[in-house]
Amino acid sequence: MKYIFLFFTTLAFAQQTKVVDFKSVLGKITVNPIDRNVSGDIHYHFEMLQSTDTIKIDAQNMVFSNVKLNYGTVKHLNTQKQLQIIFPFKKGKNTLTFNYLAKPKQTMYFIGSTEKDNLQIWTQGQGKYTSHWFPSFDDVNEKVVFNLDISFDKEYEVISNGKLVSKSDLDGFSVWNYRMQKPMSSYLLMLAIGKFEKQIQIAKSGIPLEMYYEPKDKARFEPTYRYSKMLFDFLEKEIGIQYPWEIYKQIPVRDFLYAGMENTSATVFSSPYVVDSTAFEDRSYINVNAHELAHQWFGNLVTAENGKHHWLQEGFATYYALLAEREIYGEDYFYSKLYESAQQLKFASRTDTIPVLNAKASSLTFYQKGAWALFVLQEAIGENNFKKAVQSYLKKHAFQNVTTDDFFAEIRKVSTFDLNNFSKGWLETTKFNTEEANRLLKKNSATRLLLEIDTMRKKPLLEKNDFLVKVMKSNAYFTVKEAIVNQIKNEIFEDKKQLLILALETNNTQVRQTVAQNLTKIPEDFREQYETLLNDNSYQTQEIALINLWNNFPEQRFRYLQQSKNWIGFNDHNLRTLWISLALNTDGYISNKEELIAELIKYSSSEYEGSTRQNALENLITFRIMNEMVLKNLVNATTHHTWQFSKFGRDTIRKLLQNKDLRNSFEKILIDLNENERFQLQRLLNE
């Protein structure tokens, strides 16, 4: 029955867009961080295309008042999912106004608090429905010009779609007036509030590029936003269609649900991508930056009509991000990434039963296979023809919804390429065409080597060693050398020692990190070489090396801890939390155990982001530092809004409950938990 309901709901939406066209909306809203709600005065302008007796606006669990049609009272129904306006509508223009109050259970997230002066509020519409915080349209085919006047504490920065045309202050509050010029789907509406600063750069085309950051992260601005202007200028030129909006903003927020989200004219991205120059080596924002920016054309300018055609957004954004990265890192990088995704797709195709042209396809399929399909298509018809078709496709369907056939229609105008066979082979089957992929990959010397090394996987090391040594000594691209280190992972140490030494001597961060990851048991005669990894320009490498050295050489632990005692690491404190854990478990090293335990437990509390908390909790549990507060913090993790962290909390508690003493400890804290925490823990206890 659920699926039947969903079918009819979708059908109803499709019918409504044929009956009524919502043109624009002005929302004068106030966000209340104390009660965690949003209220406002809404003005919709729409045109009736056909006669009907009811129109609908999606609105989840909202309260409405003063509902008026063309400034007169009108009969309406609040279903708690929709606001339905009941009236004998005729063709023509209309205005709908009303007041509303919403307390969003999702889509708008309140992080921190005003009391702790660390408040952030942000929204995530895709997959969550903007209709939880703003009366709008869950159907992506209804495109509207959104304008917001947002009232909030003037000490904060308030960011939304479009240009800030004015700002006024009154009684400690500011009203931020944002205006859009072109229509968009409701899932692309956004709001971000926090203590932000910004720097502005101007693209070659004159578009202002506003890049936000928290004041504490000012020194991280350059590595975080490195190449941002270059990426923007490149994509405008490569796509060949001017950026479709008046401004572009990027805002990092804490505890975001995904890596990034391409809201129209304003990308929100996850704060772990706010990096210093060292973290840049492991966790740069470049790919996410380029991917979300490409969506401003592919997804925002033209929007897939439904989930079946989702690859027109994710496949395009993935491919154009890779083209942008090629501009920075070169051809070998470009082909190596294609090789990497080909390997993933080849492996996944053994069990994946859903093709690209299916609303239920996996992210890997939509993103990576979609990108591969575009690469194959461009290689088949030629770069110039591909660009002409893409430009024509974007121009013809600008600010509209599209299907795969719309894109194919433009390809047919520039080429006689057999799109039917192409679609069957790349979009309608789950099989990955390894033969065709390998043929294209062999155009590049780095991927030719990767494919050759892959064919040697089952050969004895003695038989292939000379070749691998030759490659490791050559100027082959680093991904080739990574592949060699990965291939010899399970070989006897003495047999692979020469190759590992050569890998370290490459002085390439990624190759050296692969050595660190793959060698967990370190022989004494390799200790000094392995210790050099502690000095690498990579927090990830340092973390791996420190824990492996501490485990392998107990007699050297004091020295390793002295060397790393001031390390912090990424903004999730990965090195600091590891160091505290190791220091607490090194006999005789420290005297202030209680102080360090308190610090580690603090990192596991709700004062910090989920990634920091998880790092701390993992270390606390691994090293058996568990008291009542640790258990409470772990239970609190199960209530977190990010599924990854809440899942970690639940899975960890399940394991701990197998211990009778810990089960008793969890039962004892039940009385001290809040309602949501108690519900989650009781459910786990009852399993």
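- Although no hydrogens or angles enter the test, the distance criterion places no donor-acceptor pair under 3.5 Å between the side chain of Trp643 and the main chain of Leu257.
- Cation-pi geometry between Arg283 and Phe570 is met: the NZ or CZ atom falls under 6.0 Å from the ring centre, inside 45° of the normal.
- In this structure, the side chain of Thr642 does not engage the main chain of Gln644 through any donor-acceptor pair within 3.5 Å.
- With hydrogens and angles left out, the side-chain atoms of Glu325 and Asn287 include a donor and acceptor closer than 3.5 Å.
- The shortest heavy-atom contact between Met472 and Leu499 is CE-O, 4.1 Å.
- When side chains are defined from C-beta on, Lys442 counts as touching Leu451, because their heavy atoms get closer than 4.5 Å.
- A donor-acceptor contact closer than 3.5 angstrom links the side chains of Asn615 and Asp572.
- Tyr213 is linked by a ring pair (Phe, Tyr, Trp, His ring centres under 6.0 Å) to Phe221, counting only residues two or more places apart in sequence or in another chain.
- Here side chain to side chain donor-acceptor pair (under 3.5 Å) pairs that include residues 547-562, with residues two or more places apart or in two chains, are Tyr530-Asn548, Glu531-Arg559, Glu531-Tyr560, Trp550-Thr586, Gln556-Arg559, Gln562-Tyr589.
- Remark: Glu494 does not engage Lys497 in a salt bridge, criterion side-chain N to carboxylate O under 4.0 Å.
- Between Phe645 and Ala637 the shortest heavy-atom distance is CZ-CB, 3.4 Å.
- The side-chain heavy atoms of Leu533 and Asp536, taken from C-beta on, include a pair separated by under 4.5 Å.
- The closest side-chain donor-acceptor pair between Asn537 and Thr509, if any, does not fall under 3.5 angstrom.
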Derivation and outcome, side-chain contact (heavy atoms from CB on, under 4.5 Å), residues Gln563 and Asn535: CA-CA 10 Å; Gln563 183 176 346; Asn535 300 315; 3.1 Å; yes
Worked check of side-chain contact (heavy atoms from CB on, under 4.5 Å) between Phe493 and Phe526: CA-CA 10 Å; Phe493 176 77; Phe526 197 67; 3.5 Å; yes
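- To the nearest 0.5 Å, atom CG of residue Asn433 and atom CG of residue Leu345 are 11.5 Å apart.
- The number of heavy atoms from other shown groups lying within 6.0 Å of CG (Asn664) is above 12.
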Step-by-step side-chain hydrogen bond (donor to acceptor under 3.5 Å, both in side chains) determination, Asn508 to Glu482: CA-CA 10 Å; Asn508 177 275; Glu482 277 186 305; over 6 Å; no
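- A donor and an acceptor atom, one from each side chain of Thr365 and Asp352, are located under 3.5 Å apart.
- For the pair Lys195 and Glu214, the salt-bridge criterion is not met [side-chain N within less than 4.0 Å of a carboxylate O].
- No hydrogens or angles considered: nothing links the side chains of Arg220 and Ser277 as a donor-acceptor pair under 3.5 Å.
- A donor atom on one side chain and an acceptor atom on the other are not found under 3.5 Å apart for Glu262 and His291.
- A side-chain donor-acceptor contact under 3.5 Å links Gln682 and Asn686.
- Side chains of Asn118 and Glu607: no donor on one and acceptor on the other come within 3.5 Å.
- Taking the centre of each ring, Phe366 and Trp311 stay at or above the 6.0 Å mark.
- Remark: the backbone N or O of Asn507 is not paired with any side-chain donor or acceptor of Arg512 at under 3.5 angstrom.
- Side-chain N/O atoms of Asp282 and Ser538 include a donor and acceptor closer than 3.5 Å.
- With respect to Glu628 and Lys632, a salt bridge is recorded, a charged nitrogen being found less than 4.0 Å from a carboxylate O.
- A donor and an acceptor atom, one from each side chain of Tyr603 and Asn633, are nowhere located under 3.5 Å apart.
- A donor-acceptor contact shorter than 3.5 Å is absent between the side chain of Asn592 and the backbone of Glu595.
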Working for side-chain contact (heavy atoms from CB on, under 4.5 Å), residues His640 and Phe648: CA-CA 10 Å; His640 201 265; Phe648 160 79; over 6 Å; no
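- Within the 3.5 Å criterion, the main-chain N or O of Ser581 finds a donor-acceptor partner in the side chain of Asn585.
- In terms of heavy-atom proximity, Asn465 sits nearest to Asp495 at OD1-O, 4.2 Å.
- Without hydrogens or angle criteria, Thr612 side chain to Tyr608 main chain gives no donor-acceptor distance under 3.5 Å.
- The minimum heavy-atom distance linking Arg254 with Trp122 is given by the pair O-NE1, 3.0 Å.
- For the 3.5 Å distance criterion, the side chains of Tyr225 and Gln250 fail to qualify, holding no donor opposite an acceptor.
- Between Ser270 and Tyr258, the shortest heavy-atom distance links the atoms CB-O, 3.4 Å.
- Judged by distance alone, the side chains of Thr638 and Glu677 never bring a donor and an acceptor atom under 3.5 Å apart.
- Applying the side chain to side chain donor-acceptor pair (under 3.5 Å) test to pairs two or more places apart or on separate chains, none has a residue in residues 466-475.
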ring-ring contact (aromatic ring centres under 6.0 Å, His included) between Phe256 and Phe269, intermediate numbers included: CA-CA 7 Å; Phe256 195 52; Phe269 66 97; 8.8 Å; no
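- A donor and an acceptor atom, one from each side chain of Glu281 and Gln513, are nowhere located under 3.5 Å apart.
- Taking the six-membered ring for Trp and thresholds of 30 and 60 degrees, Tyr212 and Phe196 have ring planes more than 60 degrees apart, a perpendicular arrangement.
- Applying side chain to side chain contact (heavy atoms under 4.5 Å, CB included) to Leu338 and the options Thr447, Asn444, Leu322 leaves one that passes, Leu322.
- Ion pair Glu197/Lys218 not flagged as a salt bridge, since none of the NZ, NE, NH1 or NH2 atoms sits closer than 4.0 Å to an Asp/Glu carboxylate oxygen.
- Remark: the Lys481 side chain and the Gln510 side chain contain no N/O donor-acceptor pair separated by less than 3.5 Å.
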Glu599 vs Lys602, salt bridge (Lys or Arg N to Asp or Glu O under 4.0 Å): CA-CA, chis, key distance, verdict: CA-CA 5 Å; Glu599 182 181 351; Lys602 181 182 71 172; 5.9 Å; no
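- When side chains are defined from C-beta on, Leu450 counts as touching Ser336, because their heavy atoms get closer than 4.5 Å.
- Ring orientation note: the planes of Phe375 and Tyr319 are tilted relative to one another, at an angle of 30° to 60°.
- Arg613 contributes a side-chain N or O that, together with a main-chain N or O of Ser605, makes up a donor-acceptor pair within less than 3.5 Å.
- Shortest non-hydrogen contact noted between Val635 and Ile669 is CG2-CD1, 4.2 Å.
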Residue pair Gln517, Lys489: steps toward the side-chain hydrogen bond (donor to acceptor under 3.5 Å, both in side chains) verdict: CA-CA 9 Å; Gln517 290 171 327; Lys489 177 180 180 179; over 6 Å; no
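- Side-chain atoms of Trp426 never come within 3.5 Å of backbone atoms of Trp372 as a donor-acceptor pair (strictly under, hydrogens ignored).
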From CA spacing to verdict: side-chain contact (heavy atoms from CB on, under 4.5 Å), Phe467, Met456: CA-CA 10 Å; Phe467 174 77; Met456 298 179 173; 3.3 Å; yes
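- Atom CG in Asp255 sits 7.0 Å away from atom OG in Ser271 (nearest 0.5 Å).
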